[in-house]
Amino acid sequence: MKIDPWALLTASIRRHRSTEARFFKPVCLIAALDLTNEGLIEPDNVNAEAIISRFRAYVALSFRSRADLGWKPLWHLSNDGLWSFYSKDSALARDDFGSDRKPGSKAILFNRFDCLKINEPYRSLWHDVEHRFQLRRSMIEILASEDETCRRFARQLFNPAAAMRQSEWPSEEEVMEELRMFREQLDLFGQGTGVEIDDASALESDQIAQPFDPEAIDVTTRTVTIDLLLSRVRNKRIDLMPDFQRRVGLWDEKRQSRLIESLLLRIPIPTLYAAEDEDERWEIVDGIQRLSAIARFITPASIDSQPLLLSDLQYLEEYEGKSFNDLSEKLKTRLRETELVVHIIRKGTPPEVKFNVFARINSGGIALSPQEMRHAITPGPAREILALWAGSDEFLAATDRSVKPIRMDDRELVLRFTAFFVLGTASYKRPDMDGFLIRAMRELNSFDPHEIESLRRSFASAMEASFEIFGTEAFRKRLSESSPRMPINKALFETISVNLAVLSDEDRRTLVDNRQSVRSGYLSLCSDRPFEAAISQGTADVAKVNRRFVGVSSLFKEVIDRA
């Protein structure tokens with residue numbers, strides 16, 4: 001899965017800000033980024049005075065009385081881990097400033113340090129313009145989701161070229177529309193999936209919520225020939241995951257051809273990773289494109305594909321336009337006998353451990369999404385159930401058909417409902433959303449037909465009620481009646497759907513009949529800062545899960561009691 005390299009920094013900045021000056025750190029950081037983009041700051045020796053000067057220019061347009069306080073966020077950003085102040089090659093710490101553990105004035109701070117440096121790993125990221133752009137947009141997003149003062153800075157700083165020309169600032173609606181696209185999760189082709197980026201996985205994917213026994217990790221490494229791998233593909237002993245067949249061919253013919261050229265030149269290719277199921281079949285989790293390209297060239301019928309004709313080769317130009325059958329017997333044998341390394345996580349390894357291991361190594365060119373990994377390591381009826389319900393009329397209507405299935409986001413939404421409805425919020429005791437969802441898939445695998453049908457009816461009822469109450473705005477953040485439509489929010493989906501499913505038919509009908517009151521209360525709820533944080537940042541946190549479920553439950557109860 002793709003992990004935001006700035007996630008920990010951004011999360012720290014969100015959490016640790018002055019109540020009375022919540023714009024300080026984002027504006028200070030944006031000032032530093034803008035100066036860097038203009039070539040005026042070097043990560044190894046940051047010009048602190050220049051940042052304070054730019055902060056002063058940005059802030060003075062609206063809040064002159066606070067314009068000279070840029071030294072404060074400059075210091076506090078060091079506590080977030082972005083940079084460090086050095087005095088004679090020693091980094092300053094909080095304890096260097098006495099009992100207050102912070103400098104009391106600009107003079108105190110500036111008299112103590114002689115160099116300011118961006119810390120690793122952020123220093124290497126800072127050198128990259130695309131990574132700086134990503135961090136800047138995250139700061140704009142923080143500002144745009146805050147109070148009126150912060151939103152003003154989001155407008156001012158959205159376009160750095162117009163920051164000092166108020167007549168050219170975009171409206172709040174224009175900023176939110178742009179950020180909506182930024183917050184929307186993208187598919188394999190860079191297109192919006194209809195689902196909002198969920199911060200839960202970004203912060204937890206490489207962490208272990210509960211330590212597991214190292215002995216539970218059963219990984220074996222095998223070196224096998226391409227001939228053996230293709231034999232397994234033909235005999236259905238390697239599962240290229242039929243649900244992922246859309247992935248086959250995502251590499252264009254140039255990339256596929258270059259891979260075959262590398263094999264012909266005896267250049268090693270990256271390792272494959274697989275999960276072994278109970279029948280000792282292998283499900284390829286990292287390397288689908290490589291194995292698919294090889295199969296397409298040598299045995300295209302095994303993956304129902306047209307033969308690959310080599311193209312855009314760098315060295316073996318004499319083989320341009322050639323198929324496998326056009327090669328000499330010597331080269332055919334060379335390909336078939338080429339050995340590849342496959343790391344196999346054995347069938348006895350617990351699914352939660354498999355998921356964590358794959359999250360660490362899932363760094364291929366087209367990495368699997370979290371739900372695709374859950375699908376790969378949790379075989380059984382749950383796969384088909386999630387797919388069936390994600391294609392139901394009730395789900396499609398409630399989500400306005402806006403969730404693209406290509407990354408299995410639609411199935412993850414259904415699974416999130418299932419997890420909290422079946423297991424209950426009380427059983428969510430650790431900040432481990434991935435493990436919780438895997439547990440729910442395993443539970444669903446054990447259901448008998450009667451239990452499955454009962455769960456399906458509850459899910460369908462929740463979807464129908466959601467659509468009748470919220471229409472095409474169901475499961476989306478709403479900050480005002482005029483704000484642009486946001487993508488589907490996963491945390492809101494699970495919270496609203498489960499809270500509706502647990503109600504009686506009569507109570508759901510009451511909410512539908514009083515939909516205007518529900519919508520009005522929902523707007524207020526989304527504008528409540530603690531609730532908004534519970535559906536936006538660190539959504540796997542136990543306290544935030546409880547907060548959003550209680551918030552929606554209280555809203556529904558209040559409307560029902562008043563009716």
Side-chain angles (χ1 to χ4, degrees), residues 6 9-10 12-14 16-18 20-86 92 102-103 105-119 122-123 125-144 146 149-170 175:
W6 301 107
L9 174 65
T10 301
S12 180
I13 291 172
R14 282 185 185 276
H16 304 125
R17 283 180 292 153
S18 168
E20 297 180 355
R22 297 181 66 79
F23 67 86
F24 266 24
K25 284 202 282 189
V27 172
C28 183
L29 182 47
I30 289 172
L33 290 164
D34 289 350
L35 288 166
T36 304
N37 291 335
E38 295 167 17
L40 302 176
I41 279 187
E42 289 296 328
D44 296 330
N45 190 5
V46 178
N47 188 331
E49 280 286 8
I51 295 174
I52 290 178
S53 178
R54 181 61 60 90
F55 177 91
R56 181 186 302 114
Y58 286 162
V59 175
L61 283 180
S62 302
F63 302 98
R64 185 171 297 276
S65 62
R66 299 186 179 187
D68 291 323
L69 299 177
W71 62 272
K72 289 187 174 183
L74 189 77
W75 163 253
H76 288 296
L77 281 167
S78 67
N79 297 327
D80 293 306
L82 174 60
W83 46 43
S84 294
F85 293 86
Y86 288 86
L92 297 179
K102 59 184 179 182
S105 67
K106 176 186 175 183
I108 292 175
L109 174 62
F110 273 66
N111 287 336
R112 291 298 303 275
F113 79 94
D114 50 45
C115 185
L116 177 61
K117 297 181 181 180
I118 294 177
N119 299 326
Y122 300 130
R123 190 180 307 172
L125 293 172
W126 196 278
H127 279 288
D128 184 90
V129 63
E130 291 299 324
H131 280 119
R132 291 200 303 272
F133 174 79
Q134 182 181 7
L135 180 58
R136 194 182 194 281
R137 290 296 295 264
S138 293
M139 294 303 102
I140 294 293
E141 182 186 338
I142 289 176
L143 293 171
E146 280 286 351
T149 298
C150 290
R151 294 198 299 272
R152 180 181 177 89
F153 281 110
R155 294 175 54 219
Q156 176 182 353
L157 303 178
F158 190 80
N159 177 6
M164 305 304 294
R165 300 192 294 271
Q166 186 170 351
S167 62
E168 298 180 24
W169 296 354
V175 171

Query - Partners meeting salt bridge (Lys or Arg N to Asp or Glu O under 4.0 Å) with R151 (sequence neighbours left out) - result: E172

Requested in this report: Apply side chain to side chain contact (heavy atoms under 4.5 Å, CB included) to the pair I52 and F110, showing each step before the final yes or no.
Outcome: CA-CA 12 Å; I52 290 178; F110 273 66; 3.3 Å; yes

Report summary line: Taking every heavy atom of P170 against every heavy atom of V175, the minimum-distance pair comes out as CG-CG2, 3.6 Å

Query - Steps toward side chain to side chain contact (heavy atoms under 4.5 Å, CB included) verdict (F153, V59) - result: CA-CA 8 Å; F153 281 110; V59 175; 4.2 Å; yes

Query raised in the report: For the side chain of W83 and the backbone of P43, is there at least one donor-acceptor N/O pair under 3.5 Å apart?
Result: no

Query raised in the report: Under 4.5 Å between any side-chain heavy atoms of F85 and K117, yes or no?
Result: no

Query raised in the report: Residues two or more places apart in sequence or in another chain: which of them pass side-chain contact (heavy atoms from CB on, under 4.5 Å) with A21?
Result: S18, F24, R66

Query - Nearest non-hydrogen partners of F113 and C115, listed with the distance - result: CD1-N, 3.5 Å

Report summary line: Taken to the nearest 0.5 Å, the spacing of T149 OG1 from F63 CZ works out to 4.0 Å

Report summary line: Across all chains, not counting sequence neighbours, the ring pair (Phe, Tyr, Trp, His ring centres under 6.0 Å) partners of W71 are none

Requested in this report: State the CZ-CD1 distance between R14 and I142, to the nearest 0.5 angstrom.
Outcome: 4.5 Å

Report summary line: The salt bridge (Lys or Arg N to Asp or Glu O under 4.0 Å) partners of D68 (sequence neighbours excluded) come to R56

Requested in this report: Look up atom CG in L143 and atom OG in S138, then write down how far apart they are to the nearest 0.5 Å.
Outcome: 11.0 Å

Query raised in the report: Excluding sequence neighbours, so at least two apart, what forms ring pair (Phe, Tyr, Trp, His ring centres under 6.0 Å) with Y122?
Result: W6

Report summary line: Sorted by chain and number, sequence neighbours left out, side-chain contact (heavy atoms from CB on, under 4.5 Å) with D128 holds for E130, H131

Query raised in the report: Taking only residues two or more places apart in sequence, or in another chain, which ones meet Y86 in a ring pair (Phe, Tyr, Trp, His ring centres under 6.0 Å)?
Result: none

Requested in this report: State, with a plain yes or no, whether a side-chain heavy atom of L157 is found less than 4.5 Å away from one of F23.
Outcome: no

Query raised in the report: Looking at residues at least two apart in the chain, or sitting in another chain, which of them share a salt bridge (Lys or Arg N to Asp or Glu O under 4.0 Å) with K72?
Result: none

Report summary line: Distance col, row L69:CG vs C28:SG, nearest 0.5 angstrom, shows 11.5 Å

Report task. Taking salt bridge (Lys or Arg N to Asp or Glu O under 4.0 Å) as the test, write out the residues that go with E42, two or more places apart. Result -> none

Report summary line: Sorted by chain and number, sequence neighbours left out, side-chain contact (heavy atoms from CB on, under 4.5 Å) with E38 holds for D34, L35, L40, R54

Report summary line: So CG of L116 and CG of L77: to nearest 0.5 Å the spacing works out to 9.5 Å

Report task. Considering only NZ, NE, NH1 and NH2 on the basic side and carboxylate oxygens on the acidic side, decide whether K106 and E49 come within less than 4.0 Å. Result -> yes

Query raised in the report: Going from CD on Q156 to OH on Y58, what distance comes out if it is rounded to the nearest 0.5 angstrom?
Result: 8.0 Å

Query - Closest approach of I108 to R112 (non-hydrogen atoms, all atoms of both residues) - result: O-CG, 3.1 Å

Query - Partner set under side-chain contact (heavy atoms from CB on, under 4.5 Å) for N159, not counting sequence neighbours - result: A161, A162

**Report entry** 4.5 Å side-chain heavy-atom contact, W169 and L61
**Finding:** yes

Query raised in the report: Does the side chain of P26 reach to within under 4.5 Å of the side chain of E146, using non-hydrogen atoms?
Result: no

Query raised in the report: Looking only at atom types and distance, does a side-chain atom of K25 sit under 3.5 Å from a main-chain N or O of H16, one as donor and one as acceptor?
Result: yes

Query raised in the report: Does N45 have any side chain to side chain donor-acceptor pair (under 3.5 Å) partners at least two apart in sequence or in another chain, and if so, which?
Result: none

Requested in this report: Indicate yes or no: at least one non-hydrogen side-chain atom of L135 is less than 4.5 angstrom from one of L9.
Outcome: yes

Query raised in the report: Counting N and O atoms only, with roles assigned by atom type, does the side chain of R136 sit under 3.5 Å from a partner on the main chain of I30, one being a donor and the other an acceptor?
Result: no

